[in-house]
Number of protein chains: 2
Amino acid sequence: MSKNKKVTSYDVAREAGVSQSAVSRVFRPGLSVSQKTREKVMATANKMGYRPNAIARMLITKQSGMVAVIVSSRANENYPEVLSQVSKQLAARNKRVLLFTLDDADGVDDLFEQIWTFQVDGVIALAAHFESQRLAQFEQHKVPVVLYNRNVPDASTNTVCCNHEHGIKQLLAELKLNNPQSYLVLSGPTDSDVANERREITLDLLEKMGEKNVHVLYGDYTYQSGRDCLAQWLKKHSAPDAVVCSNDTMAIGVIDEIRENHNIHIPNDMSVVGFDGIASSFWQSYQITTIKQPVEQLVKAAVDMLLEHIENSDSPPEARVLTGTLIKGNSVKRP
Amino acid sequence: MSKNKKVTSYDVAREAGVSQSAVSRVFRPGLSVSQKTREKVMATANKMGYRPNAIARMLITKQSGMVAVIVSSRANENYPEVLSQVSKQLAARNKRVLLFTLDDADGVDDLFEQIWTFQVDGVIALAAHFESQRLAQFEQHKVPVVLYNRNVPDASTNTVCCNHEHGIKQLLAELKLNNPQSYLVLSGPTDSDVANERREITLDLLEKMGEKNVHVLYGDYTYQSGRDCLAQWLKKHSAPDAVVCSNDTMAIGVIDEIRENHNIHIPNDMSVVGFDGIASSFWQSYQITTIKQPVEQLVKAAVDMLLEHIENSDSPPEARVLTGTLIKGNSVKRP
DNA sequence: TCATTTATTGCATTCGAAGTCATTATTACG
DNA sequence: CGTAATAATGACTTCGAATGCAATAAATGA
């Protein structure tokens, strides 16, 4: 029945007839306390409903035990799974998630203010785009950061990423089995680094394959944009043999648009591939041929890396690239 | 170029030739500081890269500015949207989100420990089940809490919820247009309060409508469980005329199962309804008749309520019930 | 049993900003 | 110009737990 004010370590100490230090030591693991006082303190602490105040602890230890997780609105549909994994895996390492959602570029200034003032131990950014000068700030403030799902060429930042080139190569090989004569590349928004990377890799590979008949359209990763792009295209052009989408959601949109408004059969008349391996890409009605990102391993890599840098502030930046798995769905004809 | 240690208000004060109090005042809005010192302090602060330490502030003000958001694994597919809304709306009210994911009942003890130690200003629980004795703890610790998407009968807790009864009534009325002879109710998991509520309401209403041929199956809110339940059922029984699913994801599973393995046409031979109005329920290939939850308004209600209780600790508990909108899709035949 | 090592304990200080209060600088006004 | 009212400022204390250090108790060995 705690009346009105919070119970502090002093209150417990007084009640248990020990010093405040003793109480503190009982609640810190691995410190020298006799069995007798430990029990005595624990008993009174429980009785009084005492819980150590993490804020005070943070102030003195200079470790907040919190990791800022930044979710950009450009993160695609697999972000809920990623976020849930991040939370779980950080919890297992005794870190809490301070969540920030980033809507537009405007919010970045404020976001960074928050990050510095909240003294987070580290930062994980999901698919967010930061200028390199922003990234430099992390170093200045000595806050370790890991970029999830982003490749930074200059290699001075910690990144975890799925191997886009390898994945897209596999997808294109799968498409090539049917020897398509025309390609439509459905890119994500140009303000998404991942989208740009996927598009450029796709175009490069297609060029290397000697494909001439390649066109690019720009969506925004959403279902509707997948539909709209395809509808738009078919108004003026004939159907492409293969559609390469930068993510599964747009691929689903493409499939639905074709189904509703056009007399084209997938995969017989047209092939569609996606990327990510989100849950709905496996649904019976779609069964998209795609690359499934190894989310759990990616997150594990990100968390491991972040904690390494938190514990060891001078470990060098690192880029980990994991390989996704090709899912042979039913949106590409199998000869 | 901050060398190694963090810049504190004292450092800025010394550099700017003022007292620490002055620096503090500059960074607190609405306090009496002359234009001259304000500028002087701001200048040196910027030069030195000073940011107020939120941890220290929390300690003295006894306000962490953080709200714990608990996401239960039982939260269904619309939780990413909810979470994103929560984060946005709390940010607008100058609160940060400390995210906790709750996997199983085991984690609850630990979760509550964390909540108390981190001195959060309030808690929003998404679709989580807590024993009433747990809820009492919030009161003891004087931490305001709002349960999202949960109805608690005893009314001593703040809750925000979609009007299940009204919604389900509309869905059943929609089904009734085809005068179905048999109903299959596909419930969510029994350890989810929302699932139980939706199921019981459904059964009550069906009984009041005088329907005799009603059967219940239990899934776990997932796509696969929707498929499995229906497959299982059809092995031994004939197809029901109407399937009432506790959420959209299972409804999608039901539709896909029918499409793949059975010669039954939806909606001509069988009607299916869902609940939630998740994005994929609108997709062309499904177009489920469902109730769309007013997520933004629900979250706004939750956030408003929480902040009201944070600012005014003796305001009485409140239950807000918002009404969802019936989406007339294509999974129920329209006479 | 006594000296010596080792395990416990308490005191006092620290973390960094905020707020109280008394003091000083400004302004307003008769 | 003097006085009252107001604004601005700084010294000092506070929040609650952690920790270095010194003091004390327990354990070990001779």
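Below, each value reflects all heavy atoms present in this structure, side chains not excepted, and no hydrogens, waters or symmetry copies. Bear in mind that the values here come from a model prediction, so they are computed numbers and not experimental data.
Under the side chain to side chain contact (heavy atoms under 4.5 Å, CB included) criterion, A:D193 pairs with A:H129, A:R150, not counting sequence neighbours. For the side chain to side chain contact (heavy atoms under 4.5 Å, CB included) test, no residue two or more places apart in sequence or in another chain qualifies with B:S132. For A:Q119, the side chain to side chain contact (heavy atoms under 4.5 Å, CB included) criterion is met by B:K6, B:N53, B:I55, not counting sequence neighbours. Residues forming a salt bridge (charged side-chain N to carboxylate O under 4.0 Å, His left out) with B:K40 (at least two apart in sequence, or on another chain): none. Residues satisfying the ring pair (Phe, Tyr, Trp, His ring centres under 6.0 Å) test with B:F130, not counting sequence neighbours, are B:F112. Among residues two or more places apart in sequence or in another chain, the side chain to side chain contact (heavy atoms under 4.5 Å, CB included) test is passed with A:D191 by A:R74, A:P189.
Protein chain B contacts DNA chain D over a range whose 5' and 3' limits, counting nucleotides with an atom under 4.0 angstrom from a non-hydrogen atom, are D:dA7 to D:dG16.
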Inset, instruction - Mark up nucleotides 10-23 of chain C, 5' to 3', with B wherever a protein heavy atom is under 4.0 angstrom from a base atom, S wherever such an atom reaches only the sugar-phosphate, and - elsewhere. - result: BBB-BBBBBB----
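Remark on the helix from C:dT1-D:dA30 to C:dG30-D:dC1: inter-end axis angle 30°, axes from five-pair C1' superpositions, rounded to 10°.
Residue pairs meeting the salt bridge (charged side-chain N to carboxylate O under 4.0 Å, His left out) criterion with at least one partner in residues 11-38 of chain A, sequence neighbours excluded, are A:D11-A:R14, A:E15-A:K47. Listed by first then second residue, pairs satisfying ring-ring contact (aromatic ring centres under 6.0 Å, His included) with a partner in residues 30-66 of chain B read B:F27-B:Y50, not counting sequence neighbours. For residues 302-311 of chain B, every residue pair satisfying the salt bridge (charged side-chain N to carboxylate O under 4.0 Å, His left out) rule, not counting sequence neighbours, is listed here: B:R93-B:D304, B:K300-B:D304.
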Inset, instruction - Determine, stepwise, if the pair A:K142 / A:D314 fulfils salt bridge (charged side-chain N to carboxylate O under 4.0 Å, His left out). - result: CA-CA 10 Å; A:K142 305 200 177 308; A:D314 54 349; over 6 Å; no
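Taking atom NZ on A:K40 and atom C1' on C:dT9, their separation rounds to 11 Å, with Å as the unit.
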